[in-house]
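Being a predicted model, the structure only gives us computed values, none of them experimental. Remember, it's 1-based here, ligands and their atoms both numbered in the order they're listed.
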Amino acid sequence: MKRLRGIAASRGIAIGPVFQYRRIDLHFERHRVEDPEAEWARFQAALEVAKEQLAEVYARAKEDTGAEQAAIFQAQALMLEDPELLGAVRGGIEGEGVNAEAALVDAAERYARLLESLEDEYLRARAADVRDVASRVLRVLLGVADSPTAGLTVPSVVLARDLTPSDTVLLDKSLVLGFCTAEGGATSHTAILARGLGLPAVVGVGSQVLEVPDGTLVVLDGTEGELLVDPDEGTVSAYRARRAASIAILKKAQERAHAPAVTRDGHRVEVVANIGNVEGAQAALEAGAEGVGLLRTEFLYLERDHLPGEEEQYRAYRAIVEAFGDRPVILRTLDIGGDKELPYLDLPTEMNPFLGLRAIRLCLARPDLFRPQLRAALRAGAVGNLKVMFPMVATVEEVREARAVLEACRAELRAEGYSVAEEMEVGIMVEIPAAALMADHLADEVDFFSIGTNDLSQYTMAADRTNAQVAGLASAFHPAVLRLVGEVIRAAHEKGRWVGLCGELAGEPLAIPILLGLGLDEFSMNPPAIPIAKQIIRALTLDEAREVAQAALELDSATAVQELVRERVPVADVG
Ligand code: PEP
Ligand code: MG
């Protein structure tokens with residue numbers, strides 16, 4: 001048996017034979033053309049076919065994985081209209097007189113390399129999209145059918161160098177048990193799509209993955225990030241048992257997903273969802289969310305070339321608030337900067353964007369950004385239970401300033417005759433160590449806190465959350481982070497404020513007993529994590545959770561904390 005390690009990208013266990021996904025060879029000869037105009041027309045015709053294919057793939061992906069994931073294909077279709085890319089292809093055909101295949105590959109490769117050279121992780125990842133969409137057009141030009149999956153006939157674990165979004169959609173999901181790739185990181189498409197499909201995945205394992213012959217039996221552990229090649233019988237049956245147990249737990253949890261999360265001794269906590277767009281609201285409700293603990297509003301600002309207006313924002317927020325009726329929806333104001341950039345804002349390049357003019361800092365500096373969003377939120381708050389929170393708060397002054405802008409917008413809207421939320425709770429994200437340490441003062445300024453452990457871990461551990469090389473350091477399970485979380489909750493409760501947590505930690509089964517024990521009031525997570533989270537809470541008493549939490553705070557490492565919970569709360573050891 002060989003054990004290959006990678007990055008855990010999507011939870012769960014898959015056991016089955018290997019299917020090596022190999023892309024078809026798209027070989028062509030580069031040559032000069034007699035009639036460049038006719039060649040350009042041939043290219044345009046291929047472009048149209050590719051767009052039709054993408055529309056079909058989009059529809060299929062939307063059904064399989066939901067609109068959020070499927071949006072990748074809409075973005076790819078837009079790339080086929082990109083004037084720069086098309087101009088470069090045309091230049092190749094009409095200027096240099098080469099065939100469409102060569103002009104396309106040259107232009108796409110140049111474009112992809114340019115993207116890869118950028119600092120922004122998101123844009124770098126788009127290079128794969130450019131290559132993906134170019135190879136689709138190339139297939140059409142060469143008349144090659146879309147079927148690299150012809151050999152996939154029995155349920156298999158799919159191994160590949162990397163999977164592009166189109167690859168993933170082409171696969172017959174009823175025959176895919178899980179994914180394992182040589183390349184890719186936690187934010188790669190393979191990872192995102194696998195999570196959307198609820199399939200286990202391990203990425204970034206290295207090229208040994210490609211040497212495993214088709215048909216070899218493997219165990220893929222998406223929770224631990226491992227691929228076991230040719231395991232012995234004992235190992236297989238141990239993993240089968242783990243898999244069966246977690247499926248049974250999930251099934252039981254799903255049956256009670258819509259019931260509240262109450263501990264055995266009657267302590268109720270709220271379990272709500274993190275969502276990133278209007279479509280996410282439905283998925284959250286279906287998963288049993290009691291509201292939205294984090295509405296990331298960046299979706300309205302990304303993948304476009306100008307700021308969204310107040311009206312557009314109002315309609316989007318209103319749709320979400322209405323979907324949740326009287327359940328709470330916490331809207332987080334724009335958190336741009338760091339790894340999320342808006343090219344059309346033309347902001348100066350920063351040496352350390354995570355320590356720069358990000359989120360609330362940017363919003364306070366740019367009322368043209370901030371005010372339309374606050375106005376839209378206040379108007380949407382008139383139709384439901386909307387709360388607002390500010391991200392990346394470091395100081396009391398920032399909160400006061402932001403609240404003053406909010407009040408000014410409310411007065412303005414009233415004067416203009418709009419219905420507005422008269423009493424809207426206002427909170428902040430606690431995700432900077434300074435805010436955590438000053439929680440007692442900040443609690444005087446707001447109605448609630450939501451702890452953002454994704455950022456709180458990276459700032460506490462001084463480990464960039466987007467850098468795979470220090471990914472292990474930035475663990476929110478580290479007692480340094482947990483101690484801050486505990487202090488924030490204690491300080492807030494002393495002032496009568498409630499506390500939520502909307503970092504990834506809230507949906508981690510092993511973290512739930514600790515957070516419960518530290519007194520967390522609201523757990524906000526990815527919708528698929530909700531049923532299990534509620535089930536873990538129901539299995540505990542508050543005192544049991546408190547004991548685990550206190551013991552965790554005394555340990556000296558993140559792994560020791562996880563081990564402790566595994567031992568003390570077996571029900572939390574799922575996946
Ligand atoms: C966080 O930092 O924990 C958080 C929820 O915000 P984001 O991941 O959007 O930065
Ligand atoms: Mg954050």
Side-chain angles (χ1 to χ4, degrees), residues 68 120-122 185-187 191-192 195 271-277 280 284 289 291-302 329-342 352-363 373 387-394 398 402 427-436 439 442 448-467 471 473-478 480-482 484-485 488-489 499-508 511-512 514-515 518 520 522-527 529-530 533:
E68 200 169 341
D120 184 309
E121 199 205 12
Y122 178 81
T187 54
I192 296 168
R195 265 179 247 137
V271 180
V272 291
N274 292 351
I275 65 171
N277 56 27
V292 173
L294 168 63
L295 166 61
R296 289 188 167 100
T297 54
E298 291 76 53
F299 73 97
L300 283 167
Y301 296 78
L302 297 167
V329 173
I330 303 181
L331 178 152
R332 178 179 74 182
T333 60
L334 187 60
D335 182 1
I336 223 72
D339 58 337
K340 302 168 217 146
E341 255 185 68
L342 295 185
N352 288 303
F354 275 118
L355 305 180
L357 193 64
R358 189 188 158 185
I360 191 68
R361 303 170 182 184
L362 176 65
C363 285
Q373 180 166 46
K387 307 175 202 287
V388 162
M389 72 177 168
F390 305 120
M392 298 293 299
V393 166
E398 285 167 342
I428 56 166
M429 288 199 63
V430 177
E431 48 187 345
I432 296 181
L442 286 163
F448 66 92
F449 290 154
S450 185
I451 305 174
T453 43
N454 305 343
D455 277 313
L456 188 60
S457 321
Q458 77 159 343
Y459 294 130
T460 303
M461 306 304 294
D464 182 342
R465 65 192 264 193
T466 64
N467 182 343
L473 259 182
S475 169
F477 279 97
H478 198 285
V481 180
L482 296 177
L484 285 175
V485 170
V488 171
I489 297 172
V499 184
L501 193 149
C502 60
E504 290 299 308
L505 190 72
E508 282 288 338
I512 289 167
I514 301 176
L515 298 175
L518 292 176
L520 192 71
E522 178 232 53
F523 294 65
S524 191
M525 62 195 72
N526 286 324
I530 289 175

Are the side chain of Tyr459 and the backbone of Phe354 linked by a donor-acceptor contact shorter than 3.5 Å?
yes
Identify the two heavy atoms, one from Ala506 and one from Leu501, that lie closest to each other, and give their separation to 0.1 Å.
CB-O, 3.4 Å
Taking every heavy atom of Met461 against every heavy atom of Ala480, the minimum-distance pair comes out as SD-CB, 4.3 Å
All heavy atoms of Ala533 vs all of Ile512, minimum pair found to be CB-CD1, 3.4 Å
Whether Glu431 has an N, O or S atom under 2.8 Å from the Mg ion (ligand 2)
yes
Which distance, rounded to the nearest 0.5 Å, do you find between the CD1 of Ile514 and the CG of Leu482?
5.5 Å
Trace of the side-chain contact (heavy atoms from CB on, under 4.5 Å) decision for His478 with Leu473
CA-CA 8 Å; His478 198 285; Leu473 259 182; over 6 Å; no
For a quick check: using heavy atoms under 4.0 Å, what are the residues in contact with ligand 1, sorted by chain and number?
Leu294, Arg296, Arg332, Asp335, Lys340, Arg358, Met429, Glu431, Gly452, Thr453, Asn454, Asp455, Arg465, Cys502, Gly503
Among the N/O/S atoms of Asp455, select the one at the shortest distance from the Mg ion (ligand 2) and name it.
OD2
Sidechain-backbone polar pair: Glu398 side chain, Ile360 backbone, donor-acceptor under 3.5 Å
no
